[in-house]
Amino acid sequence: MDRNARGSTFFHRSCNDKKGHRFWQIGDLFLYVIFTIIAIVLFLQVTSSRNPQEHLVAVLQVNQKTVRRLEANELERGGTFKLEANGFLYEIEYRNFMVRVKSASCPDKVCVNTGWIKLPGDLAVCLPGHLVLKWENGITVDHGVDVVVG
Amino acid sequence: MKESLNTPQERNHKMSSVASRIAFNGMMAALALVLSLLDNMIPIGLLIPIPGIKLGLANVVSLFLLFFAGWLDALAVIVIRCLVMLGITGPTVFLFSLSGGLLALLVMMLVRLGYPRLFGIVGVSISGAVFHNVGQVMMAAWLLNAPGLLTRYLPYLILIALVTGTLTAVAARPVLRRAKF
């Protein structure tokens with residue numbers, strides 16, 4: 001790679017090319033460490049707060065408005081329903097206190113690929129349909145208006 | 001270690017005519033656009049289920065321009081790329097590209113202040129990659145009113161960005177080495 005850099009150390013050659021561009025520097029290692037620590041701390045923080053909790057309800061939002069709330073008894077019983085959001089058709093499935101977007105007519109299918117959401121903090125989102133499926137504390141029960149159920 | 005890269009102002013001076021600068025930035029915008037479209041084809045959504053999330057391959061161009069021409073050229077290319085993407089892929093990807101690209105550029109500019117004494121090209125690149133992802137997810141969290149997105153997926157996104165940022169630097173290195181300035 002650096003044919004003109006004969007005589008220099010391996011580290012020197014790997015850090016600098018023939019124009020002397022500084023590829024690696026000690027501060028880069030610091031950045032790697034800092035970003036990795038931030039990632040690990042955030043990961044631990046998120047996982048530690050994700051113990052299964054009672055009184056959680058699954059909330060389905062479209063255009064930032066709650067269109068359906070699934071209470072504990074419904075989540076235990078299980079079932080499916082369909083809804084339309086911003087021109088896309090979704091099928092939501094729930095059972096054993098888990099919820100997922102079973103199928104969707106949106107182009108990217110990210111919401112379907114997310115799979116089951118079961119713990120606080122889990123969420124499935126679909127940007128084309130502006131749809132969010134997430135958990136909320138169910139102490140305040142506020143039944144929203146269903147869009148299309150069929 | 002000697003300062004080997006000239007300042008962007010000196011380089012801009014060498015690109016003497018405005019026409020050549022426009023043509024050069026046009027080429028860079030075209031390259032960035034191709035990389036963005038390539039980015040769209042990589043199904044990273046299967047790994048990280050955040051809608052619209054991208055690897056940020058176009059950051060190679062931003063990184064190169066930041067070192068070769070200066071932040072203004074990098075900014076112009078990002079805006080042009082995002083505007084063309086708006087016509088091709090729609091407003092959602094446009095907002096993601098713009099928020100990720102601009103935040104990445106801002107952070108890369110800040111880290112570049114420490115180049116070459118404190119940080120190398122890799123440091124500038126990984127900082128850009130991390131904040132490219134942060135910018136995109138912040139936009140998604142804002143659009144969907146789902147701040148949980150940020151905390152839920154940020155750890156994975158940071159780790160992925162360390163890999164993609166390193167690859168971006170490796171990709172930009174031979175170009176920077178061969179660039180005549």
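Note that these values count all heavy atoms, side chains included, but never hydrogens, waters or copies made by symmetry.
Of the residues considered (B/L159, B/L162, B/V170), B/L162 shows the highest number of contacts with chain A, using heavy-atom pairs under 4.5 Å. Of all the listed residues (B/V122, B/I158, B/V111, B/I126), the one sharing the greatest number of non-hydrogen pairs under 4.5 Å with chain A is B/V122. Taking chain A as the reference chain and counting heavy-atom pairs below 4.5 Å, the highest number among B/P174, B/G120, B/A161 is found for B/G120. Of the listed residues (A/L131, A/L29, A/V132, A/I40), the one with the most heavy-atom contacts under 4.5 Å to chain B is A/V132.
Side chain of B/D39 to backbone of B/L57: a donor-acceptor contact under 3.5 angstrom is found. Formation of a donor-acceptor pair under 3.5 Å by the B/R112 side chain with backbone atoms of B/G114 is not found in this model. Judged by distance alone, the side chain of A/S105 and the main-chain N or O of A/L89 form a donor-acceptor pair under 3.5 Å.
Remark: A/Q64 CD is packed, more than 12 non-hydrogen atoms of other residues, nucleotides or ligands lying under 6.0 Å away.
For chain A, the nearby part of B/V130 is the side chain; its heavy atoms alone come within less than 4.5 Å. Both the backbone and the side chain of B/T166 come within contact range of chain A, judged by heavy atoms closer than 4.5 Å.
Among all heavy-atom pairs drawn from B/P155 and A/A39, the shortest one is CB-O, 3.4 Å.
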